[in-house]
Number of protein chains: 2
Amino acid sequence: MSTVTASTDTDRQRFAAIGRALADPKRLCVLECLSAGELSVGDLSTRAGCHVPNMSQHLSVLRSAGLVTSRRVGSTVYYSLSDPRVLEAYQLIQHIAR
Amino acid sequence: MSTVTASTDTDRQRFAAIGRALADPKRLCVLECLSAGELSVGDLSTRAGCHVPNMSQHLSVLRSAGLVTSRRVGSTVYYSLSDPRVLEAYQLIQHIAR
DNA sequence: GGGTGACTTGCGCGTTTGCGCAACTTGTGA
DNA sequence: TCACAAGTTGCGCAAACGCGCAAGTCACCC
């Protein structure tokens with residue numbers, strides 16, 4: 001049995017921000033799409049089936065949680081996963097959900 | 001790089017429910033407390049620093065997400081983690097948050 | 001400079017969430 | 001049976017969220 005290091009409340013608030021980033025189906029769709037490599041905002045919005053401004057807001061949530069990073073090439077912005085452990089966490093959640 | 005199996009939107013909705021359960025500092029505090037073993041609602045509420053009805057609602061969220069299970073002994077209800085992978089996921093989130 | 005494409009940001013709206021509080025259910029013991 | 005302790009549930013409210021839409025920023029090309 002693994003015990004978890006006790007955290008301060010401010011720490012848990014940061015952890016909870018990551019939880020909130022994982023709390024929306026469209027944002028999880030983004031993580032799945034980015035598992036194959038970086039994509040532009042327009043690509044992600046079509047794959048998730050939502051409008052570009054909406055996707056931009058979702059990406060803002062993911063970025064401020066530190067799950068994705070952005071890279072600008074000309075006028076298009078490419079997003080990618082910032083850490084392979086993000087996928088590990090998502091896969092764990094998938095298994096827990098059975 | 002590990003790819004993630006594409007999910008249906010209903011699947012992602014179930015996964016997002018787990019994300020929402022992990023999206024609150026008090027609920028993360030509950031997971032930390034339960035990592036050492038089962039605890040009653042009253043114990044959890046004092047450790048998390050909130051009132052009993054509030055804790056009961058948080059536990060309801062965790063239970064409907066499948067992260068904890070309850071066991072009743074007399075009039076007190078003991079909660080425990082339903083799956084060790086819940087702690088793994090939480091630890092991954094902690095590491096991602098650095 | 002003007003126009004266009006790719007994002008981002010601000011606003012308003014309806015829904016959801018977290019909370020305190022009161023009321024209700026259930027088990028225990030005198 | 002009565003009182004009390006332990007949880008749960010319902011209600012109302014303030015805050016946060018997801019969304020569509022319009023407007024703004026920035027890079028590129030004629």
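A sub-4.0 Å separation between OP1 or OP2 of C/dG18 and a side-chain N or O of B/R27 is present. The phosphate of C/dG18 has neither OP1 nor OP2 within less than 4.0 Å of any side-chain N or O from B/N54. B/H58 has a side-chain polar atom (N or O) that falls below the 4.0 Å cut-off from OP1 or OP2 of C/dC19. OP1 and OP2 of C/dG27 both lie 4.0 Å or more from every side-chain N or O belonging to B/R72. Contact annotation: B/S56 reaches the phosphate of D/dT8 (side-chain N/O to OP1 or OP2, under 4.0 Å).
For A/H51 and C/dA6, the NE2 to P distance is 16 Å, given to the nearest whole Å. For the pair A/Q57 CD and C/dG10 P, the interatomic distance rounds to 11 Å; values are reported in whole Å. In this structure, A/L22 places its CG atom 16 Å from C1' of D/dC17, rounding to the nearest Å. Atom CG in A/D43 sits about 14 Å away from atom C1' in C/dG5, given to the nearest Å. Atom pair B/L59:CG and D/dA6:P shows a separation of 16 Å (rounding to whole Å applied).
The pair B/K26-B/D24 fails the salt-bridge criterion, with no side-chain N (NZ, NE, NH1 or NH2) lying under 4.0 Å from an Asp/Glu carboxylate O. With respect to the salt-bridge test (charged N to carboxylate O, under 4.0 angstrom), the residues A/R47 and A/E32 do not qualify.
At the heavy-atom level, B/S60 lies nowhere under 4.0 Å from the strands shown. Among the atoms of the strands shown, only primed sugar atoms or phosphate atoms (P, OP1, OP2) are found under 4.0 Å from some heavy atom of B/V77. At the heavy-atom level, A/Y78 lies nowhere under 4.0 Å from the strands shown. At a threshold of 4.0 angstrom between heavy atoms, the contacts of B/R63 with the nucleic acid are absent. Counting non-hydrogen atoms under 4.0 angstrom, B/V41 reaches the backbone sugars and phosphates but no base.
The residue among A/P53 and A/A23 whose nearest nucleotide of DNA chain D lies closer to the 5′ end is A/A23. Map A/M55 and B/D24 each onto its nearest nucleotide of DNA chain C; the residue landing nearer the 5' end is A/M55.
Both A/V86 and A/I96 are members of a single hydrophobic cluster when ILVMFWY side chains are connected at heavy-atom separations under 4.5 Å.
The CG atom of B/L34 sits 5.0 Å away from the CG atom of B/L81 when rounded to the nearest 0.5 Å. Of the inter-residue distances, the one linking A/S7 atom OG with A/R14 atom CZ reads 9.0 Å to the nearest 0.5 angstrom.
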